[in-house]
Q: 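The structure is given below, and queries will be raised subsequently.
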Amino acid sequence: MDPLDLTIRNGTVATAAETMRCDIGIAGEKIVALAEHLPAGRRDIDARGRYVVPGGIDSHCHIEQLSGMGIMSADDFYSGSVSAAFGGTTTIIPFAAQHRGTSVTATVADYHERARTKAVIDYGFLLIIGEPTDKVLKEELPAAIKGGITSFKVYMTYPKWRLEDYQLLDVLNVADREGALVMVHAENDDMIRWIARQLLERGHGAPKFHGVAHDALAEAEATHRIIMLSRLLGVPVLIVHVSSPEATNTIRAAQTLGAKIYAETCPQYLVLTADDMDRPGVEGAKWCCSPPLRDKAAQAAIWAGLANGTFQVYSSDHAPYRFDETAKIPRGDKTTFKEMANGVPGIEMRLPILFSEGVLKKRLSLSEFVALGSTNHARMYGLYPRKGTIAVGSDADVAIWNPEVEKRIDYSMMHDAVGYTPYEGQVYTGWPETVLSRGRIVVENNQLRVERGSGKYLARGVPGPVGTAAGIDGPARQLRKFIHG
Ligand code: DUC
Ligand code: ZN
Ligand code: ZN
C-alpha cells in the first residue's frame, strides 16, 4: 500500500450503525483504510480521548438567499460555509429560491454562481418552488433533477410562496415521477393570518405575539393535510422544522400506519422556548422563527421524537437575519411581529447542541447523533455513501470531537455574519476540534485552513429511503394505476 496521506489514530470512531476503536487511513480525498492499527501516514492526528464521526450534513439552511418576504440573508456562501465547518459540518444543502415570475433554470444558475467562488466545504442545492407553472412542472423541474437538485421545498403559508393543495399535488406527482423528495413547510396560512389580524387590531404587535399567531394547531392542521395529500398519491414527503407535540403526534400516527412520512426538527426547538421572545421592546425578534418556539412540554415531545425515530433528520434551519432595519426590525422599535424576518441562526450551534444535550445527557446514543446529524441526510438527499459515513471509499469528511470541552456561548465565538446568536450565555459541552473535508483539514486549532471557493458542488442522486416504512399507500393505491398508466 502507498503511504497514507493522513491517519487519524486512537480515536473512538462512530457511524450510524456502530461505535468502535479504530484508525482511519486517508489518501487524497478518500478514506482508504480502517484498521485497529495503521502504519504512519505523511501526517498523523492523535485522536485519543476523542470521538471521530462523519462530518455533519446540514440539509436545511438559508444562505445568500432572498426570503419569501424579500429579505436577503446576512450570510453568503463564504461566511455560511465557514460557520458550518466550525460547528462540525462538512456538507451544506442550502436553498435556491424560485420567486414568482422567475424561472427555475435561471434561479439555479444564479445560485451556482453565488456559491462557486465562496463555499469552503461541499454543497448542494434544494429548490424552493414558488410558482409551479406548466413549464416548471414539465420542463424545469426535470431539468433541475438531472442537474442534481433532487429535493424541492414547498410552503403551505407565506403570501408569496404559499401553494394551494392542487399545486401541492402537482409538485408531489412530478417528484414521484422524476425521482425527487418534497420538503414541506406545514402551517395553515389562513389560521395564522386570521389570528394575526385579531392581535394587531388590538395593538398586540410585540414579538411574543408571533408565537400566539402561529398556534400549534395551525402547524398540526397543515401537517395532517399534507400527510393526506402524500397518502393520496402514495408519495413520500419530509415535513421540516417540526416544533410542536401536536404535529409530532400527527406524524407519528401516520408513520405507525405505514405512511411514508419523514420529519425533521431543529436545535431551536430543543433548547429555546416562547419565553425567549418575551423581552422588552422588539429584542424578542431575535427569537422569532416559523414555526415558533413553544414551551417546555413541546421541547420534551421533540426530544422524544428524536429518540423514538419520528424524526429522521436534524437540521439547523439557519436563517441568518440581522437584528437591524435590513431584516428583523425594518421599522425599528415600531416593528410588529408581522414585519420581522422569520428565522434564527444556528448552522454552527446545530451539532454542538445535539452532542451536549443529546449524547452527553444520554437522551441519544452516539450512533443516533451521527444518523440524525449526518448519515440520514446523506441517504435522504442522494449523497450516500459518498457522504455521511466513515467507510472505505467514502469522502474523507470527518469531525473529531472533544467531549470534555465546555463553552459558554458568546457571539464572538461564531463565524457567521448575523451579529447575534439566540444561544448567547448558554453552556454546552463537547465541541469539534478538527474538521476534514475530502481529506483537507478545514478547521484545526480554531483556525480555518482552506481557501475561499474550495468547496465543490454536489450533484445529488435519487433520494433513498430511511427506516422501514411499510408503505400502506404505495404502489397498491388504485389511483396510481390510472395516473401513471
Ligand atoms: N421557514 C424556514 O424554513 N426557515 C425560516 C423561516 C421559515 O418560515
Ligand atoms: Zn420553512
Ligand atoms: Zn428554513
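Order of listing sets the numbers, starting from 1, for every ligand and every atom in it. All values reported here derive from a predicted model rather than from experimental measurement. Both backbone and side-chain heavy atoms feed into the values below; hydrogens, waters and symmetry mates do not.
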Q: So what does the His241 NE2 - the Zn ion (ligand 2) - His185 ND1 angle come to, to 10°?
A: 90°
Q: Can you find a heavy atom in the side chain of Phe125 that is under 4.5 Å from one in the side chain of Arg460?
A: no
Q: Closer than 2.8 Å to the Zn ion (ligand 2): does that hold for any N, O or S atom in Val240?
A: no
Q: Strictly by modelled atom types, are Glu424 and Thr421 linked by a side-chain donor-acceptor pair under 3.5 Å?
A: no
Q: Can you tell me which residue and heavy atom of the protein come closest to atom 8 (O) of ligand 1, and the distance to 0.1 Å?
A: Tyr158 OH, 2.3 Å
Q: Confirm or rule out an N/O/S atom of His60, from backbone or side chain, lying less than 2.8 Å from the Zn ion (ligand 3).
A: yes
Q: Any ion pair linking Lys118 and Glu64 (charged N to carboxylate O, less than 4.0 Å)?
A: yes
Q: How close does the nearest protein non-hydrogen atom get to atom 4 (N) of ligand 1, and which residue and atom is it?
A: Asp317 OD1, 2.8 Å
Q: Is the shortest side-chain heavy-atom distance between Asp170 and Val174 below 4.5 Å?
A: no
Q: Between Lys296 and Asp275, does any side-chain N to carboxylate O distance fall below 4.0 Å?
A: no
Q: How close do Asp76 and Ile63 get, counting heavy atoms only, and between which atoms?
A: O-CG2, 3.3 Å
Q: As an exercise, identify every atom of ligand 1 less than 4.0 angstrom from a heavy atom of His241.
A: 1 (N), 2 (C), 3 (O)
Q: Can you report which non-hydrogen protein atom sits closest to atom 6 (C) of ligand 1, along with the distance?
A: Asn342 O, 3.5 Å
Q: Determine which of the N, O or S atoms in Asp317 is closest to the Zn ion (ligand 3) and give its atom name.
A: OD1
Q: Relative to the ring of Tyr457, is the ring of Tyr123 parallel (under 30°), tilted (30 to 60°) or perpendicular (over 60°)?
A: tilted
Q: Is the shortest side-chain N to carboxylate O distance from Glu219 to Arg294 below 4.0 Å?
A: yes
Q: Under a heavy-atom criterion of less than 4.0 Å, does Glu187 contact ligand 1?
A: no
Q: Could you tell me the residue and atom name of the protein heavy atom closest to atom 1 (N) of ligand 1, and the distance to it rounded to 0.1 Å?
A: His185 ND1, 3.3 Å
Q: Counting non-hydrogen protein atoms only, what is the nearest one to atom 3 (O) of ligand 1? Give residue, atom name and distance.
A: Lys153 NZ, 2.5 Å
